Protein chains: 2
Amino acid sequence: MQSQTYSIGVIGGTGPQGKGLAYRFARAGHRVFLGSRSPERAQEAAQKLNARLPADQAVSGTSNATAASVNEVVLLAVPWNGHTELVADLRDHLAGKIVISCVNPLGFDKRGPYGLPVSDGSAAEQAAGLLPDSRVVGAFHHVSAVSLLGDAEYLKDEDVLVCGDDAAAKGVVQELVRAVTGRIGVDAGALRLARQLEPLTAVLISINKKYKTHSGLAVTGLTRSH
Amino acid sequence: MQSQTYSIGVIGGTGPQGKGLAYRFARAGHRVFLGSRSPERAQEAAQKLNARLPADQAVSGTSNATAASVNEVVLLAVPWNGHTELVADLRDHLAGKIVISCVNPLGFDKRGPYGLPVSDGSAAEQAAGLLPDSRVVGAFHHVSAVSLLGDAEYLKDEDVLVCGDDAAAKGVVQELVRAVTGRIGVDAGALRLARQLEPLTAVLISINKKYKTHSGLAVTGLTRSH
């Protein structure tokens with residue numbers, strides 16, 4: 001049961017992760033504003049998502065600044081490269097908002113993917129430092145864009161791990177996870193544990209390559225309300 | 001089906017993780033030598049495990065040096081504190097062996113558990129650097145000692161992630177995982193991905209505290225032979 005619907009802005013909404021999560025949020029009844037440096041490209045992406053959604057026009061395309069300012073919840077789905085400047089520029093727009101970071105600072109070389117060192121510890125902590133008036137939560141690092149954009153009703157075998165220092169904001173994001181997995185997100189602890197969650201994606205990409213799949217994570221040993 | 005049995009040394013075999021894995025290995029038909037700084041304490045621990053095992057005397061207690069030298073596969077289950085000296089001291093004993101590291105460099109403060117910075121990247125990479133004549137593999141970071149020492153036949157919902165740069169050694173360890181989960185371990189990629197696997201345990205400990213459970217991990221999207 002979806003208890004509450006939100007209007008959600010997606011910064012970097014034309015990338016695969018942003019589009020995939022936007023699709024899931026809209027499908028679950030939330031209103032979504034895809035943001036992009038190019039509002040035209042965001043509108044094109046929104047149109048394609050709307051064509052797949054039962055309710056017309058649940059997704060709109062706009063600028064990153066508008067996607068940040070008109071919504072109560074805003075997802076940062078931007079590349080790590082350029083993260084600092086982009087987030088700093090949105091500071092005023094994001095004041096007072098719940099900001100979700102799914103950013104994974106990863107590198108790739110001939111030995112495969114790996115976690116990049118981050119001076120602030122993690123992308124989520126960097127965002128929290130740049131956005132002192134926002135409530136930053138880390139989540140959705142490990143869900144594959146291919147799975148998100150697939151036809152399955154929910155990624156029902158997977159868990160989404162949610163970390164943050166603001167308990168109420170973390171609770172909102174845990175509820176939003178229902179749009180993706182069909183069940184509440186796992187409270188993974190303090191925001192600084194994003195240091196562990198973000199680069200773990202390198203392991204999943206490595207597994208994807210080896211096993212030719214789109215892997216995800218589940219936490220065992222939990223009994224959660226569905 | 002357990003295709004091959006090994007003799008396995010467990011360095012730090014009186015700690016919970018070492019005892020728990022020793023129990024699972026012995027239960028699956030492997031011969032296990034528990035090592036400790038104090039051979040007497042290792043013998044006591046071995047006796048307790050043997051009392052729970054169908055075949056008598058599958059577990060022996062001895063010194064760390066003997067546990068390292070008489071076995072083809074050796075598990076490092078030692079605290080991160082003192083790791084460098086302990087591993088360096090065993091270098092000659094471990095030459096030519098497959099060495100499994102399940103060491104998690106973690107810190108704890110009032111905000112909870114967190115991953116410690118490691119100058120070599122990870123405990124497994126530090127061991128590989130200290131043991132140039134051994135074949136170091138990372139595995140078994142995330143299985144709870146309580147679950148390992150429990151009565152369940154297998155931790156059948158969990159996966160063990162195995163990382164390493166020596167494909168043959170990694171393959172042996174993936175097979176050994178059957179003793180714990182009842183199925184082959186997941187190839188998680190290069191040894192350096194231990195940087196991601198080791199501190200992830202901080203997230204699981206945080207979840208354990210919040211949900212009052214013994215959590216574990218599973219990888220979704222894989223079809224593996226059981």
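Each chain gets a letter, A, B and so on, in the order its sequence line appears, and its residues count up from 1. Values in this document were obtained by computation on a predicted structure and should not be read as measured data.
- The most heavy-atom pairs under 4.5 Å with chain A, out of B:A190, B:S147, B:S144, B:P199, come from B:P199.
- With a 6.0 Å radius and a threshold of 12 heavy atoms from other residues, nucleotides or ligands, A:N81 has its CG atom at or below the threshold.
- Heavy atoms of A:S206 lying under 4.5 Å from chain B belong exclusively to its side chain.
- With a 4.5 angstrom heavy-atom cutoff, A:D165 touches chain B only via side-chain atoms.
- Counting heavy-atom pairs closer than 4.5 Å to chain B, the top-ranked of the candidates A:A188, A:A218, A:A202 is A:A218.
- Checking side-chain atoms of A:T213 against main-chain N and O of B:G221 turns up a donor-acceptor pair under 3.5 Å.
- In this structure, the side chains of B:D187 and A:Y211 come closer than 4.5 Å at one or more pairs of heavy atoms.
- The shortest side-chain heavy-atom distance between B:I207 and A:L161 falls under the 4.5 Å cut-off.
- Taking all atoms of both residues into account, the shortest heavy-atom contact from A:P113 to B:L193 is O-CD2, 3.6 Å.
- Annotation: maximal heavy-atom pairing with chain A below 4.5 Å, among B:N208, B:D157, B:L204, B:V203, occurs at B:V203.
- For the atom pair A:Q196 CD and B:L106 CG, the distance stands at 8.0 Å (nearest 0.5 Å).
- Within the 4.5 angstrom heavy-atom criterion, no atom of A:P117 approaches chain B.
- The structure places NZ of B:K156 at 10.0 Å from OG1 of A:T220, a figure rounded to the nearest 0.5 Å.
- Looking at A:I205, neither its backbone nor its side chain comes within 4.5 Å of chain B, counting heavy atoms on both sides.
- Contacts of B:L197 with chain A are made by side-chain atoms alone, with heavy-atom separations under 4.5 Å and no backbone atom involved.
- Of the atoms belonging to A:R111, heavy atoms from both backbone and side chain fall under 4.5 Å from chain B.
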